[in-house]
Amino acid sequence: MTDLLKTSLNRRTVLQAATVGAVGVSPALRALVHAQGSDAPEKKEVKIGFIPLTDCASVVMASVLGFDKKYGVTIIPTKEASWAGVRDKLVNGELDFAHVLYGLVYGVHLGTAGPKKDMAVLMSLNNNGQAISLSKAIADKGAVDGPSLAKLMEKEKREYTFAGTFPTGTHAMWMHYWLAAAGINPLSGAKLITVPPPQMVANMRVGNMDGFCVGEPWNHRAIMDGIGVTANTTQDLWKDHPEKVLGTTAEFVKKNPNTTRAVMMAILEASQWIDASLSNKMKMAETVAQKAYINTSVDAINQRILGRYQNGMGKTWDDPNHMKFFNDGAVNFPYLSDGMWFLTQHKRWGLIKSHPDYLAVAKQINQVDLYRSVASAMKINVPKDPMRTSKLMDGVVWDGKDPAKYADGFKIKA
């Protein structure tokens with residue numbers, strides 16, 4: 001470790017010890033610590049884009065609870081209308097960071113589905129907590145999960161339409177994977193469209209799609225409004241799957257390393273805070289439900305974040321694998337294998353034409369060393385291995401060891 005980094009981390013530790021997690025930091029102490037040396041954030045005010053989804057919560061709460069000020073920055077959460085808008089504003093510098101889809105960052109880095117720019121994944125923001133909803137109209141005909149949907153599509157032939165939120169993003173990949181696992185080819189057997197998350201429920205209400213994959217609270221909102229049912233949660237597809245990340249451009253990290261570290265620390269502390277208690281989760285739900293953020297009722301958010309699920313057809317259950325923001329640090333580590341998985345699916349579905357160097361691309365994007373240094377300074381657990389092994393809903397194991405073989409090994413693909 002360099003002397004510069006040691007000094008920087010020591011100052012951070014002093015500051016944390018002095019504040020003991022309190023939001024009201026002495027302005028004099030803060031000014032002293034940040035003015036003393038090279039760890040002062042280069043940018044004092046940062047814009048972080050977000051889409052109205054429950055998993056924007058750590059960005060919002062870092063700002064609302066003042067964790068950002070504790071680390072010498074001011075976070076301005078900026079509500080965006082679509083993932084394409086987030087992408088464009090990140091690329092052109094209107095946003096400094098974003099709560100963003102994992103696969104979107106990888107798509108921009110490779111120039112898939114839009115402009116090409118070197119990107120950075122700083123940390124994961126959440127695991128789990130998305131879902132696949134089917135319209136009440138087809139659920140009433142018996143299509144309530146993948147296999148029964150396949151039967152209905154075989155019996156009543158027409159064009160069936162399903163929505164994701166961005167071509168290279170997580171929801172599009174979950175929807176593709178789920179359909180294929182049920183034997184439905186998402187490219188030739190169905191129509192896939194892109195709809196921004198807050199517009200999903202309204203589009204299903206007017207019959208624009210038969211199903212969608214999106215983050216909460218929009219799946220639960222579809223049930224509350226009587227227009228959709230939950231066929232599967234995404235944690236059914238892949239327990240503790242990667243979802244949103246804190247993303248930025250590689251250029252921003254290079255020019256503003258201290259700002260980047262400060263923002264990561266603030267959001268990590270907010271992530272810890274959310275997962276620390278039920279009362280914190282309820283407070284978070286009340287906050288993010290407000291018009292400035294998600295703009296929905298609190299009861300659309302506060303059940304599923306506690307793992308209390310219903311499917312809209314009479315079934316209720318407690319899901320231990322609900323949306324997690326911290327989970328003792330397991331959520332936030334930017335596993336290389338997580339990023340590589342999205343690339344395998346981009347290849348599987350023809351979004352990229354040839355196999356990239358999967359590991360090399362993930363190492364370029366995922367800032368593993370930076371994350372380790374920040375987490376260590378905050379005494380947050382860090383996994384030793386940047387690869388992890390998971391079994392998905394179809395029984396296929398993903399471990400990142402042979403990504404090309406994995407991408408080519410699926411029966412249904414482009």
Step by step, would you call Q130 with K244 a side-chain hydrogen bond (donor to acceptor under 3.5 Å, both in side chains)? CA-CA 10 Å; Q130 325 295 295; K244 305 302 184 304; 3.1 Å; yes
Mind checking whether H99 and W83 have ring centres under 6.0 Å apart? yes
Could you go through the side-chain hydrogen bond (donor to acceptor under 3.5 Å, both in side chains) check for S390 and H241 one step at a time? CA-CA 9 Å; S390 308; H241 67 78; over 6 Å; no
Relative to the ring of W317, is the ring of Y309 parallel (under 30°), tilted (30 to 60°) or perpendicular (over 60°)? parallel
Would you tell me whether Y71 and N258 have side-chain atoms, one donor and one acceptor, within less than 3.5 Å of each other? no
With T249 as reference, evaluate K255, K254, K117 under the side chain to side chain contact (heavy atoms under 4.5 Å, CB included) test and give the passing residue. K117
Do you know which two heavy atoms are closest between L53 and P197, and how far apart they sit? CD2-CB, 3.7 Å
Listed partners of D68 passing salt bridge (Lys or Arg N to Asp or Glu O under 4.0 Å), at least two apart: none
Any donor-acceptor pair under 3.5 Å from K391 side chain to V396 backbone: no
Between R308 and D318, does at least one N-O distance fall below 4.0 Å, as a salt bridge requires? no
Mind checking whether Y406 and F410 have parallel, tilted or perpendicular rings, split at 30° and 60°? perpendicular
Does the S376 side chain pair with the main chain of S373, one donor and one acceptor, at a distance under 3.5 Å? no
Applying side-chain hydrogen bond (donor to acceptor under 3.5 Å, both in side chains) to D402 and Y358, what does each step give before you reach the verdict? CA-CA 9 Å; D402 194 342; Y358 292 92; over 6 Å; no
Would you please test D299 and H220 for side-chain hydrogen bond (donor to acceptor under 3.5 Å, both in side chains) and show each step? CA-CA 9 Å; D299 59 351; H220 190 62; over 6 Å; no
As an exercise, state the distance from CG of L101 to OG1 of T170, rounded to the nearest 0.5 Å. 4.5 Å
Can you say whether the rings of F252 and F97 are parallel (under 30°), tilted (30 to 60°) or perpendicular (over 60°)? perpendicular
Working to the nearest 0.5 Å, report the span between NZ of K411 and CG of N185. 11.0 Å
Where does the angle between the aromatic ring planes of H346 and F342 fall among parallel (under 30°), tilted (30 to 60°) and perpendicular (over 60°)? tilted
Should the pair Y371 and F333 be assigned to parallel (<30°), tilted (30 to 60°) or perpendicular (>60°) ring geometry? perpendicular
Return the minimal non-hydrogen interatomic distance between T54 and F325, and the atom names on each side. O-CZ, 3.7 Å
Can E243 and N126 be counted as having a side-chain donor-acceptor contact under 3.5 angstrom? no
Please determine whether a side-chain nitrogen of the Lys or Arg among D240 and K324 lies less than 4.0 Å from a carboxylate oxygen of the Asp or Glu. no
Which heavy-atom pair separates A377 from M265 by the least distance, and what is that distance? CB-CE, 3.8 Å
